[in-house]
Amino acid sequence: MLFYSWQESAVMLLAAIIIDIIIGDPRWPTHPVIRIGQWISWAESRLLPSDINAASPGSLRRRGVVLTVLTLLIVFSVMWLLLWLAHQIHPWIGYAINTWFIATTIAIKGLKDAAMKVYRPLREGRMDEARKYVGYIVGRDTSKLDEPEITRATVETVAENTVDAVVSPLFYALLGAAPLAMLYRAANTLDSMVGYKNEKYLYFGWASARWDDVMNWFPARLTGCLLVCTAALRQGCSAARAARAIRKFARLHPSPNSGIPESAVAGALGIELGGINVYHGRTSERARMGWPLRERCKEDIIVTVHMLYGVSFLIAGGLMCALCWTWL
């Protein structure tokens, strides 16, 4: 078995955070999450019957469970074997590979870059370009969105993904190094690919969606606390209002986890998130979170990105303080 002391894990997590902030997602070799997605697509094509209506809900759920369990087992096993082989060559190679793969499970820089691709044209009045780029990060129809709605979509995405792309993978990396962090990333990828409540995936994606909820349960609540702390450290944000928003609005979100970071950011900024979304011509009402103390504006995107980095720095600072306390 591979065991790291918590001090070793903390040092590697710090290095992974630095790597991601500086380099971001690697373009070569192919990002491991892309490989996981390719496997899921292949496995889905073999497990999902061509005529969904002919299959019973129970059968579809069983097939979905097989997809989820197989994916998680394969990803964890491959990652564990790769690390084991690296440590057989030399421990430092094992440390380096573990650190690198942890860095690929987080996306601090990637989230920031995606948000800035929306913010820059929005700031310059190029609305069509802003709508195009926000369409890359949300599933709703963005062709007619105005500035407040483009801002809302971007802020909601960055807030929600502070859990998925930062806190959760780092939490699982601390518990079980790169194999467990990559297992989490596989669960998150499964949810993003098959965890929809539509006719095709309602039953087949049930296991993937529920497992993603389970894995994000504690990290989402930890993220809420970290966002409140970040709001307390940033001028113009309200930590007290962020905490009240979590208590009042988070439970209204259809996800048991996503409402926590979204309501925290809404409360901290004094804006309202949620509202009417359009998906393929169909209108959907999303629970409203936060108090509309003012109109949303493009600068809210920048503040939300700063809060994302604030959460990352609080985690890094906590790890550094723990290490210093141990070493002194």
**Prompt:** Checking His253 side chain against Ala287 main chain: does a donor-acceptor pair fall under 3.5 Å?
**Reply:** no
**Prompt:** Could you state the interatomic distance from CG (Asp164) to CG (Asp191), rounded to the nearest 0.5 Å?
**Reply:** 8.0 Å
**From Thr68 atom OG1 to Ile40 atom CD1, the distance as rounded to the nearest 0.5 Å** = 8.5 Å
**Min side-chain heavy-atom separation Thr151-Cys297 under 4.5 Å** = no
**Asked** With respect to Tyr184, which candidate in Thr189, Asp212, Asn216, Thr105 satisfies the side-chain hydrogen bond (donor to acceptor under 3.5 Å, both in side chains) definition?
**Response** Asn216
**Asked** Does some side-chain heavy atom of Lys109 sit less than 4.5 Å from a side-chain heavy atom of Ile23?
**Response** no
**Asked** What about Tyr95 and Trp92, are their ring centers closer than 6.0 Å?
**Response** yes
**Nearest non-hydrogen partners of Phe101 and Leu82, listed with the distance** = CE1-CD2, 3.5 Å
**Asked** Would you find a donor on one side and an acceptor on the other, under 3.5 Å apart, between the side chain of Arg185 and the backbone of Ala181?
**Response** no
**Message:** Checking Ser143 against Asp141: is there a side-chain donor and acceptor pair closer than 3.5 Å?
**Reply:** yes
**Message:** Is there a side-chain contact between Leu174 and Leu13 in this structure, where contact means two heavy atoms from C-beta onward sitting under 4.5 Å apart?
**Reply:** yes
**Prompt:** Are the aromatic rings of Trp291 and Phe249 close, with centres under 6.0 Å apart?
**Reply:** yes
**Trp39 six-ring centre to Arg35 NZ/CZ under 6.0 Å and within 45° of normal** = no
**Request:** State, yes or no, whether a side-chain contact exists between Leu83 and Tyr4 at a heavy-atom distance under 4.5 Å.
**Result:** yes
**Heavy-atom closest pair, residues Ala187 and Leu72** = N-CD2, 3.8 Å
**Request:** Look at Glu124 together with Arg120 and state whether they make a salt bridge at an N to O cut-off of under 4.0 Å.
**Result:** no
**Prompt:** Would you call Asp128-Lys132 a salt bridge at under 4.0 Å N-O?
**Reply:** no
**Request:** Output, in order, the C-alpha distance, side-chain angles, deciding distance and verdict of side chain to side chain donor-acceptor pair (under 3.5 Å) for Thr162 and Thr223.
**Result:** CA-CA 7 Å; Thr162 301; Thr223 303; over 6 Å; no
**Message:** Whether the side chain of Arg286 engages the backbone of Gly275 through a donor-acceptor N/O pair (distance < 3.5 Å, no angle test) should be reported.
**Reply:** no
**Asked** Of the non-hydrogen atoms in Tyr201 and Val194, which two are nearest, and what is the gap between them?
**Response** CB-O, 3.1 Å
**Prompt:** So if you build clusters from Ile, Leu, Val, Met, Phe, Trp, Tyr with side-chain heavy-atom gaps below 4.5 Å, do Val65 and Leu60 land together?
**Reply:** no
**Message:** Walk me through whether Val166 and Ile106 qualify under side chain to side chain contact (heavy atoms under 4.5 Å, CB included).
**Reply:** CA-CA 5 Å; Val166 183; Ile106 59 179; 5.5 Å; no
**Request:** For Arg282 and Val278, indicate whether the former's side chain and the latter's backbone hold a donor-acceptor pair under 3.5 Å.
**Result:** no
**Asked** So, the side chain of Arg152 versus the backbone of Leu273: is there a donor-acceptor pair under 3.5 Å, distance only?
**Response** no
**Prompt:** Side chains of Leu122 and Glu299: closer than 4.5 Å at any heavy-atom pair?
**Reply:** no
**Asked** Do you know which two heavy atoms are closest between Pro169 and Val163, and how far apart they sit?
**Response** CD-O, 3.8 Å
**Asked** Can you tell me how far OG of Ser41 sits from CD1 of Ile36, rounded to the nearest 0.5 angstrom?
**Response** 12.0 Å
**Asked** Side-chain contact, heavy-atom cut-off 4.5 Å: Met215 with Ser168?
**Response** no
**Message:** Looking at Glu199, I want to see if its CD is surrounded by more than 12 non-hydrogen atoms of other residues, nucleotides or ligands under 6.0 Å.
**Reply:** no
**N-O pairing of Arg294 and Glu272 below 4.0 Å** = no
**Prompt:** Does the side chain of Val167 reach to within under 4.5 Å of the side chain of Tyr172, using non-hydrogen atoms?
**Reply:** no
**Message:** Measuring only between side-chain heavy atoms, which start at C-beta, is Leu190 closer than 4.5 Å to Trp211?
**Reply:** no
**Rounded distance (nearest 0.5 Å) linking atom CD1 of Ile137 with atom CD of Glu160** = 11.0 Å
**Item:** Salt-bridge present (Arg296, Glu149; N to O < 4.0 Å)
**Value:** yes
**Item:** Connected via hydrophobic side-chain network under 4.5 Å: Leu308 and Leu14
**Value:** yes
